[in-house]
Each structure stands twice: as structure tokens, then as C-alpha cells.
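Scroll down for the structure; my scribbles are underneath it.
Convention: sequence-line order gives letters A, B, ...; per-chain numbering from 1.
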Amino acid sequence: MTEILYGVFVGPFRDMAGSPAFLVEVLLGGVATGLMYSLVALGFVLIFKASGVFNFAQGVMVLFAALTLVGLMERGVPVAVALVMTMAVMVGLAFLIERVVLRPLVNQEAIILFMATIGLNFFLEGFGEMVWGANVKKLDVGIPDRSFIVAGVQINQLEMSAAATAAVLVAILAVFFQRTRIGRALRAVADDHEAALSIGIPLKTIWLIVWSVAGLVAIVAGIMWGAKSGVQFSLSLVALKALPVLILGGFTSVPGAIVGGLIVGVGEKLGEVYWGPLVGGAIENWFAYVIALVFLLFRPQGLFGERIIERV
Amino acid sequence: MTLRACSIALLAVLVAAGPALAPAPVVAQGKDVFIPLLVYRTGPFAPSGIPIANGFVDYFTLLNERDGGVNGVKITWEECETQYDTKQGVECYERLKGRGAALVNPYSTGITYQLIPKAPVDKVPVFSMGYGMSASSDGRWFPWVFNFPTNYWSQASAVIRYIGTQEGGLEKLKGKKIVHVFHNSPYGKEANPTLEELSRKYQFELTLLPVDTPGQEQKSTWLQVRKLNPDWIFMSGWGVMNQVAVKEAAAIGFKMDHFIGNWWSSSDADVVPAGDGAKGYKGATFHAPGTNFKVHSEIVKHVYDKGKGAGKKEEMGSPLYNRGVVNAMFSAEAIRTAMKGAKGQAPTPEQMRWGFENLNLTEKRLEEIGMKGFTHPIKVTCEDHEGSGPVLIEQWDGKKWNIVSDWIQPMKDVVRPKIETAAVDEAKKLGYSQRDCGKEK
């Protein structure tokens, strides 16, 4: 018993104090990974914020965006042109989703829209495989992926690039939502579809914009994750890592997605490295959900989510 | 009758007649040998599943096109998509076994574990070539299961022997640090008991680092690797876990020629995303990569040149394509052996099981079928369904895999006793009794 208590409450902290440079490395690794999760979580937040739809297909949108980009590059299209073409494809996809899936379902229950995104998920997965094939593809858009040592701490260039990209993206999205007319309209639609329609906000246009922006965010997430693991169908599974981030940060908060990502990233790395060996390791997948659930007990709406009170 | 009623009636007729109107499936036609092919051409594991399935189909097509099958008996097959999912795999097996399945290649350790109890009941030999339950190598307890030419435990011992050779002898392993990065699943854990025993025997420091499925994110694992600074890494990975691991190892500057994947962690798909960073990465295998063998030119001539290839001609020769070819060849040779008692007919289930158990693939036979040097001769016996076959080490040079070792014998003195002990344990769970091989000779 004493051994277990020591292993849980003393040993890990002794290890941290004994090797501070390694602790910094773990923390940095957690921050970088957390921001990568945030990139995926942002797509969920955008769509949920503007339409109240939990987009089950967000992970596949990341995959589809990366597949399109790498598929074009494999056919000899220069990176910059391929990127522009991929953006066009994602906007086109948003147009089709609005026209074919969402428009016929205006004012339906949220669960109906959620089910529609499940269908979209499987369609995009199959369609992507049919068009671009199932092979693992190397994505090289020029982001360096080597590590260097600073004061005994190893820093990875790809992870730093991802962190910088996430920061820029959040800043742009924050300005977009808070400072622009479209951003305010998006928030109005999120609050109440019918009320937004009654004051003349064009719902169809708003949905098109938000799905397009989510598609563009998916390209960024796809590039970062694709550069890390190659572009392949497992890429869609990164959505699973975004869920605890959403639980933590709230489904409607852009900064929440970032802070949630950081907490999950750092928490799971600390858990795996210092407490994982006590139970044989491989705890980080479920440990992230444990962290999220603990938060959920105290703040069901997440750290930055909007508290919804419905009176009967 | 209204238009709506007419439509419903028509729909009902079509549904009722559906099976009759559907295209005729490939069915065993009396003299044919039917093999269900459990494949995963779609889903997250498709990059591995497609070349394996293509290798299978191309070799069976070669036999049918060139030789009219095995001893004049055509091989027929039907693919069933499992997506590497155990539940779907078992459903595929249940759907296809009634068509007179001569054998089944589950192509997943999870599916194999589910089919092992069914094999003696359904009388369908399970052939899990180099995967599945290592304990089933003991044919005295598992008469219907075969996992030759070698299993995970033999592979682990051969890899340690190779590392010993590279270090100047097994005695030089003392004090060395070896890390096993493994998929946190029954498959990934298979090699652990053998590695632990070898670490005690040769006194190297073994660290076991599990990676949860799917393995898209492994930062914690590689932070620990960096802290440990091991001399060698052995990996039992699968799917995206392999690609991320190779990239992470390259990113932390680990010596790639000291990083060895098992035979499910060393395909083209595993090294492509890391680009030049993967150069020097090694893998275990029990067959050669490439297309410099007569069997490949025969496949081109009789299959691809006739427009009957399962995939693209230029994708032949990858490690997993060749694995499919070798697996199909072993299956076909077991059928051929079984036919010794079948007089030109498709073998019965008992004859098929006997064919597997008495397979003796000699150097001469390998030469006859265009596979000399492609894989190693193997002899299966009543006691030994694994064959204790040797292992090769291949290395990625940035463009292709090259063999960089001689055939490495597994440590049979370590592995076989473990197999016999584990076989008793596993067989007891299934209520099996031991048979006397001496009486069957």
C-alpha cells in the first residue's frame, strides 16, 4: 500500500524535480500536441457555434482536405496552386452541404442534423477513397520536421510551426467573430435560427460561410497532422482526440478550444510519462477523457462555454 | 390497383426474387477448391490490406491461368471485406464457411483468436501465417491451427540474435538497453514474454513501451525513448502507429539502423511519410522483397499481361504484396499435399488438415515454383505447426527494401518450451485434449 501511495503521490514529483529539463520537454510536447488537437477542435466549434450542429464529419473533413491537397501535389500541381485549389474544393463542398444536406433540414431537431453529418462522414470517407486511393501519402509542404536542442531541451520544428499556426488561426477567428458583421450574424444564428431569420439574417449564406471556414480550418489541421503521420484514412480518427478538448473548452468557444487543447495535451503527456508506468503505460487516450470528465462535473458547459438555462 | 400499390407490389417481387436476380457469386463447383478471402481493402488499415489481398489473388490467378489450378483442380475464392475489424471478420467467415471452405486465412490476430475455437467444429483449418496465437504452434493441442513459417516469439528471439550479432555476440548484450515499442493489443504484446525471458538470460535492460491504438499521437512514448537513450528499439506496430513511430524516431535523431520493426511494421507504407528520415530503418521478414524472382515474371506473363492483375503491375514486389504471394503459395502447396490422398478431387476437410500438417516445402520444390531464395524451405509436423522457420532482416534505403542479413535461426531452446507451456494453458481454456502424434505417424 505504501508503495502504491509513494508511486502516485511522491515518485512522479521526485522524477520531475530530478530532471527539470526533461519536465520542460514533456510540457512543451504537451503544449504542441494540445495545439494540434485544438486545430481539429476549432472546426467543431465553428460549426456548432453558428448552427448548433455537432458535425460528426469534422474528422473526415480534415482527411478529405489533406487528401485533396496531397492528391493534387502528386499530380504535379505546385504547392501554392494546390492549396488554392483545395480551398476552392472545401468551399464547393460547403456549398453542396448547405444545398443538399442542411437546407432541407432547416428548423429540424439538432439530433436530425447530427444524424445527417454521420451520413456525410461516411459519404466523404468513401468518396475520398474512391477519388484519391487508400495508400499512405507523404505530405511535404516545406515544413521542417527536425529537432534541435536548446539548454538541454529538445524542440521539434514541426510542432513549433503547428503552435504558431494555431495561434495565428485563433487570432484571425477571434477577430472574425467579434469584430465583423458576418461574425455577429453567425452568433445570432447560433442563438436562434428563426429569430435570426426574422431580422433578415440570411441563414443559407451564414451556413455556407461557416462550413467554408470550417473547411479551411480543416485544411490547416490536415496539413499539420498529415505532415506528422502521412496522409491516410486514420487521419479522420484525430477527431476522437478533439472530443475531450471540446468537453473542456466548451462547444461554442474559440479560445476554449485552445485552452482545452493545452490542458488535454499537457495533462495527457504528464499522465503518461510520470504516472503511466505505474499501470503499464498507454493511458494517455483515456486519461484525456478523465481530465475532461472531472471538469465536466464542475462546469458542464466547459471552461468557456455558454451556460444554458432552460426554464419550464 | 393504384400506382402506389403497383410500385409496392413490384418492389415486393424484386425483393423476393433478389437472390435469383443477383450476379452469380464465385462458388466452389464440386471439383473446385474454395477459399474465403478475408480482406481489408477499405478503412484505416487499407494501405496494408490492399497489397496483401492483391498478392493472394494474383498468385491464385497465376495457378488457374497457367496450370489450370492445383493438380487440375481450379481454385475459387470470394473476397469479404473485414476492414480489419474482428466482428466483421467473424461475420465474413460465418457467411463463407458453408461454401465448402478448404481453409481460412484470417489476416488479423483478433479474428484468428475468434476462429480458433470454431476450427475443429467447422473442420476448416485456420492458417495464420506468422501471426495469431503463438501457443497454437503446438499441433498436439491445436490440430486445426497452423502458423508457419514462424511466430511472434520466434521472431523476437531471432531479432535479439541479430542484435547480438551486430554487437559482437550475444554475451555483449549484457548492460545494453533495448526498448520494445508495441501496439497496446494482444498482437502487440505477444513478443513481451519472450523478450523478458531473453533479457534475463542475456542481461540486457528491457523497457516495454505500449502505444494505444491507433497510435496517431505518440509524443509521450518518444519522450521516454529519448530519456532512456536505448541502444536498440524493436517495434511491434500496426497501421498508422508504424508511420508515426518511424517519423518520431527520425525527428529525435535516433540511429535508424538500430530501429527494427517486426514483419507487420516494415512495409513501404510505414516508411514513405518519413521520407529520407526513414533511411536505414530495418524490419524482420520471412521472405524477400522485390520482384527478382521467377514467380514474379510468371505473374506478369500469365496474369498482368492478360489484364487479370488484381492491382497495378508496378506495385508488385512490396513486402506486403510478397507476403500475400507467399501466403497463397503455402496455401496452394498445402492443398497439393492434401490431394495426395484425394486423387485429383478437391480435398475433404480432414485431408486438408492433413495436407497442412504434412507440408514439406523443400528447396527443390521452391525452385520448381519459381521461389528459390524468395522464402525458406519449411517442414510442418504434427507437433510443430510453426515450422520454426528462420527470419531475415531487411533495410530501407530510401527507395526500396534490401535484405541485409543471412537467415537467422530463432532460439528454439527458449521458444519451444514456452510454446508448450502456453499451449497447455490455452487448450485448457478451450477444453481441448492432447493428441498423441506418435500414434498418427
Side-chain angles (χ1 to χ4, degrees), chain A residues 15 19 21-22 25-26 28-30 32-33 36-37 125-126 129-130 133-140 145-149 154 156-159 225-238 240-241 265 268-274 276-277 280-288, chain B residues 40-51 83 181-185 188-189 192 207-224 226-227 239-248 250-254 267-275 277-278 312 315 318:
Chain A
D15 289 348
S19 180
F22 182 65
E25 218 165 90
V26 174
L28 278 179
T33 308
M36 296 275 280
Y37 296 158
E125 198 170 73
E129 192 165 343
M130 195 173 76
N135 285 340
V136 179
K137 296 166 178 67
K138 182 175 188 279
L139 178 59
D140 186 2
D145 188 17
R146 283 285 161 186
S147 299
F148 54 94
I149 309 283
Q154 182 172 273
N156 182 271
Q157 292 167 308
L158 175 64
E159 289 170 351
W225 280 98
K228 193 176 166 76
S229 63
V231 177
Q232 54 182 303
F233 278 76
S234 308
L235 211 56
S236 61
L237 301 177
V238 298
L240 295 175
K241 301 295 277 190
E268 69 175 23
K269 297 301 169 244
L270 287 174
E272 179 69 49
V273 172
Y274 292 103
I283 67 167
E284 66 182 316
N285 269 2
W286 57 263
F287 194 71
Chain B
Y40 39 101
R41 289 184 182 274
T42 63
F45 300 103
S48 303
I50 291 170
Q83 290 209 332
V181 176
F182 64 95
H183 193 262
N184 193 31
S185 63
K189 293 173 185 171
N192 287 348
T207 306
L208 304 174
L209 293 178
V211 173
D212 246 345
T213 191
Q216 196 103 41
E217 169 48 41
Q218 300 174 27
K219 190 75 193 165
S220 312
T221 306
W222 292 93
L223 282 166
Q224 291 174 85
R226 204 177 102 70
K227 190 183 178 196
V240 67
M241 176 188 155
N242 294 336
Q243 291 103 54
V244 175
V246 173
K247 276 210 89 168
E248 290 278 4
I252 65 167
F254 189 79
S267 67
D268 290 8
D270 299 330
V271 288
V272 164
K312 292 177 187 164
E315 288 174 359
S318 70

Is it the case that the side chain of N285(A) and the backbone of T213(B) share a donor-acceptor pair, with hydrogens and angles ignored and the cut-off at 3.5 Å? yes

[X], part contacting chain A, at a heavy-atom distance under 4.5 Å:
{"X": "I50(B)", "value": "side chain"}
{"X": "R41(B)", "value": "backbone"}
{"X": "T42(B)", "value": "both"}

At their closest point, which heavy atom of [X] faces which heavy atom of [Y], and how far apart are they?
{"X": "S220(B)", "Y": "E272(A)", "value": "CB-CG, 3.2 Å"}
{"X": "D212(B)", "Y": "W286(A)", "value": "OD2-CD1, 4.5 Å"}
{"X": "P210(B)", "Y": "G280(A)", "value": "CG-O, 3.0 Å"}
{"X": "E129(A)", "Y": "A46(B)", "value": "OE2-CB, 4.3 Å"}
{"X": "P273(B)", "Y": "V136(A)", "value": "CG-CG1, 3.4 Å"}

Atom pair [atom1] ([X]) and [atom2] ([Y]), whose distance is rounded to the nearest 0.5 Å:
{"X": "M241(B)", "Y": "S229(A)", "atom1": "CE", "atom2": "OG", "result": "13.5 Å"}
{"X": "Q216(B)", "Y": "L240(A)", "atom1": "CD", "atom2": "CG", "result": "9.5 Å"}
{"X": "K228(A)", "Y": "E217(B)", "atom1": "NZ", "atom2": "CD", "result": "4.5 Å"}
{"X": "T33(A)", "Y": "Q218(B)", "atom1": "OG1", "atom2": "CD", "result": "11.5 Å"}
{"X": "R226(B)", "Y": "I149(A)", "atom1": "CZ", "atom2": "CD1", "result": "4.0 Å"}
{"X": "Q224(B)", "Y": "F22(A)", "atom1": "CD", "atom2": "CZ", "result": "6.5 Å"}

Could you tell me which of Q232(A), R146(A), E125(A) has the largest number of non-hydrogen atom pairs under 4.5 Å with chain B? Q232(A)

Qualifying residues under salt bridge (Lys or Arg N to Asp or Glu O under 4.0 Å), relative to D268(B), sequence neighbours excluded: none

Residues two or more places apart in sequence or in another chain: which of them pass salt bridge (Lys or Arg N to Asp or Glu O under 4.0 Å) with K138(A)? D140(A)

Can you tell me which portion of [X] sits under 4.5 Å from chain B's heavy atoms? Options are side chain, backbone, both or neither.
{"X": "N156(A)", "answer": "side chain"}
{"X": "L235(A)", "answer": "both"}
{"X": "F148(A)", "answer": "neither"}
{"X": "Q157(A)", "answer": "neither"}

Report yes if some heavy atom in the side chain of F233(A) is under 4.5 Å from a heavy atom in the side chain of V240(B); otherwise report no. no

Please determine whether a side-chain nitrogen of the Lys or Arg among E25(A) and K227(B) lies less than 4.0 Å from a carboxylate oxygen of the Asp or Glu. no

